[in-house]
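Structure record follows, encoded as structure tokens.
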Amino acid sequence: MENGIDDLTPRPALDGDAEFDVCIIGGGLTGLWTAHYLLETDPKARIAIVEKEIAGFGASGRNGGWASALFPRSAAALERQHGRGAAHAMRRAMIDTVDEVGRASRSLGIDIDYAKGGTVAYVRSAAQEKAARHDIAETRKAGVDTLDWLGPEAVRATDARGATFDPNCARIHPAKLVRGLAASLERRGVTIFEQTTAIDFGARTVTTDRGVIACETVVVALEGYTSTLKRTHRSLMPLYSLMIATEPLSDEAWDEIGLAHGQTFNDFRHLLIYGQRTADNRFAFGGRGARYHWGSTIKPEYDRVQSVFDHLHKTLVELFPVAASAAVTHTWGGPLGVPRDWHATAGYNPKTGVAFAGGYVGDGLSTTNLAGRTLSDLITGQRTELTRLPWVGHVSPRWEPEPLRFLGSNAGLLGANIADIEEKVTKRSSIAARILGPLTGH
Ligand SMILES: Cc1cc2nc3c(=O)[nH]c(=O)nc-3n(C[C@H](O)[C@H](O)[C@H](O)COP(=O)(O)OP(=O)(O)OC[C@H]3O[C@@H](n4cnc5c(N)ncnc54)[C@H](O)[C@@H]3O)c2cc1C
């Protein structure tokens with residue numbers, strides 16, 4: 001398939017100065033969905049995307065495939081900051097977005113292995129059960145959606161004592177989505193300049209290593225790579241998430257595991273893990289734990305840390321002993337973007353024509369779609385339900401300069417590890433986690 005998931009040949013780079021209505025920096029899902037919804041409003045808009053590598057090279061092409069309704073800042077924190085109505089509106093918008101990702105890709109004829117099977121979150125200790133019961137009670141109180149308790153019979157292949165079930169998550173194949181969307185946009189007239197690096201941007205201009213683009217609107221969609229531009233160096237911190245995939249397991253093994261097609265899973269530990277049963281019956285499983293690198297640097301070698309891969313495999317087998325017989329066939333990773341207050345943002349300044357969306361932490365797969373629709377409404381001057389959501393126009397504080405950023409972020413990772421060990425040993429909710437809470441969007 002030309003420029004599809006299998007053909008990674010770069011598209012032509014920008015060749016000298018050019019002029020467009022809209023110039024989007026970054027060919028991930030934030031940039032691509034924004035182009036898609038702008039075209040829906042104005043099919044004649046002249047849109048360029050500048051991408052340093054190839055479309056989908058970043059987190060959008062390498063993630064865990066949870067198209068969830070999760071937002072990085074917790075519901076309680078959103079309510080404290082913006083009020084109950086706004087927090088509920090945000091949750092509703094995220095729930096709708098899970099469906100919109102499926103609807104929009106179907107309407108474009110892109111098969112992304114979409115299956116809305118929900119998320120099973122295993123509960124593996126008394127402290128985790130306390131956290132789970134708290135989440136169920138909070139969800140009931142809010143009354144926007146449901147979070148159910150699954151008893152031990154539903155989690156038989158694990159050492160779990162139960163699980164929660166959130167129906168608002170679809171399993172997808174991220175590379176199929178991002179590569180398919182890029183190809184579809186190109187067919188509809190969007191120009192994607194690959195191997196073209198933005199060096200700076202300003203009001204109505206984007207400067208790249210291949211020429212300058214003059215435009216009415218600039219969309220900054222760099223997420224984990226935001227720190228690589230001098231102007232936005234301290235806006236988002238790149239944090240690495242790493243993943244493994246196993247060879248396919250038999251249907252009998254999956255029956256024993258008890259995860260249906262389309263189901264995603266994690267547990268209630270503090271150092272996040274996430275997994276899915278892929279359409280071809282593999283485990284795709286990931287987690288945090290790779291350290292932050294001095295000066296927010298991003299290098300290809302940071303995508304692969306053998307000790308983290310080994311730890312992920314060990315964790316997967318601990319969760320599902322039957323996975324021990326399945327060889328690990330793929331390992332990878334990549335940077336995601338973390339704002340100082342863990343509060344994602346979508347915003348547009350009509351005076352400068354500069355729009356930005358990002359700071360999704362690890363919850364960007366659906367949120368990029370909401371960002372695309374929201375930025376499109378903001379840029380085209382429409383006031384809609386989306387432009388009234390509480391993340392619109394939110395400004396996060398900047399990260400501290402080094403060495404504070406290095407010390408703080410790596411201490412945070414260590415703290416999450418300590419919190420899990422503390423809960424294992426004391427069998428009570430972690431005090432370390434309570435201290436870390438305000439630093440991680442809770
Ligand atoms: C391993 C991993 C697993 C994840 N799992 C999930 C998950 O299961 N569910 C979920 O919701 N989220 C997940 N996420 C997060 C999610 O993938 C991201 O939030 C989302 O894809 C961000 O999309 P984006 O378009 O904003 O950024 P990206 O996809 O990172 O796109 C940014 C693009 O900008 C390009 N670029 C960089 N510098 C420049 C420059 N100077 N000029 C031009 N282009 C440039 C990059 O090459 C890249 O293609 C995961 C992330 C990772 C890394």
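What you see is a predicted model, and the numbers here were worked out from it, not measured in a lab. In listed order, ligands and their atoms are each counted from 1.
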Within 45 degrees of the ring normal and closer than 6.0 Å to the centroid, is that where the cationic atom of [X] sits relative to [Y]?
| X | Y | result |
| --- | --- | --- |
| R231 | F201 | yes |
| R340 | W399 | yes |
| R62 | F57 | yes |

Nearest neighbour in protein (non-hydrogen) for [atom]:
| atom | answer |
| --- | --- |
| atom 39 (C) of ligand 1 | L222 CD2, 3.4 Å |
| atom 18 (C) of ligand 1 | A59 CB, 3.8 Å |
| atom 27 (O) of ligand 1 | E223 CB, 3.3 Å |
| atom 50 (C) of ligand 1 | N63 CB, 3.3 Å |
| atom 46 (C) of ligand 1 | E51 OE2, 3.5 Å |
| atom 40 (C) of ligand 1 | A198 N, 3.7 Å |
| atom 11 (O) of ligand 1 | L365 N, 2.8 Å |

Just go through [options] and tell me whose heavy atom is the nearest to [atom].
| atom | options | result |
| --- | --- | --- |
| atom 1 (C) of ligand 1 | A290, S241, A371 | S241 |
| atom 3 (C) of ligand 1 | W332, Y274, F201 | Y274 |
| atom 34 (O) of ligand 1 | G56, G333, G26 | G26 |
| atom 26 (O) of ligand 1 | D200, T30, T367, V206 | T30 |

Give the atom numbers and elements of ligand 1 that come within less than 4.0 Å of a heavy atom of [X].
| X | answer |
| --- | --- |
| G64 | 3 (C), 4 (C), 5 (N), 6 (C), 7 (C), 8 (O) |
| D363 | 10 (C), 11 (O), 12 (N) |
| L336 | 51 (C) |

Does either side chain, that of [X] or that of [Y], offer a donor lying less than 3.5 Å from an acceptor on the other one?
| X | Y | answer |
| --- | --- | --- |
| S184 | R188 | yes |
| N369 | Y37 | yes |
| R282 | T329 | yes |

For ligand 1, does [X] get within less than 4.0 Å through its side chain, its backbone, both, or neither, judged by non-hydrogen atoms?
| X | answer |
| --- | --- |
| T368 | side chain |
| V178 | neither |
| P174 | neither |
| W66 | both |

- Atom CD of E385: over 12 foreign heavy atoms under 6.0 Å: no
- For atom CG of D280, is the number of surrounding heavy atoms from other residues, nucleotides or ligands below 6.0 Å larger than 12? yes
Within-shell test, [X] vs ligand 1, heavy atom, strictly < 4.0 Å:
| X | value |
| --- | --- |
| G362 | yes |
| A221 | yes |
| G65 | yes |
| T196 | yes |

- Message: When you compare ligand 1 with S60, is there at least one nitrogen or oxygen pair between them that comes in under 3.5 angstrom?
- Response: yes
- Task: Sort out for me which residue in E186, E51, E53 forms a salt bridge (Lys or Arg N to Asp or Glu O under 4.0 Å) with R11.
- Result: E186
- Do NZ/NE/NH1/NH2 and the carboxylate oxygens of R91 and D145 come within less than 4.0 Å? yes
- Message: Run the salt bridge (charged side-chain N to carboxylate O under 4.0 Å, His left out) test against K176 and tell me which residues pass, sequence neighbours left out.
- Response: D113
- Query: Under the ring-ring contact (aromatic ring centres under 6.0 Å, His included) rule, what pairs show up with a residue in residues 90-123, not counting sequence neighbours?
  - Reply: Y122-F320
- Query: Is the distance between the ring centroids of F283 and W254 less than 6.0 Å?
  - Reply: yes
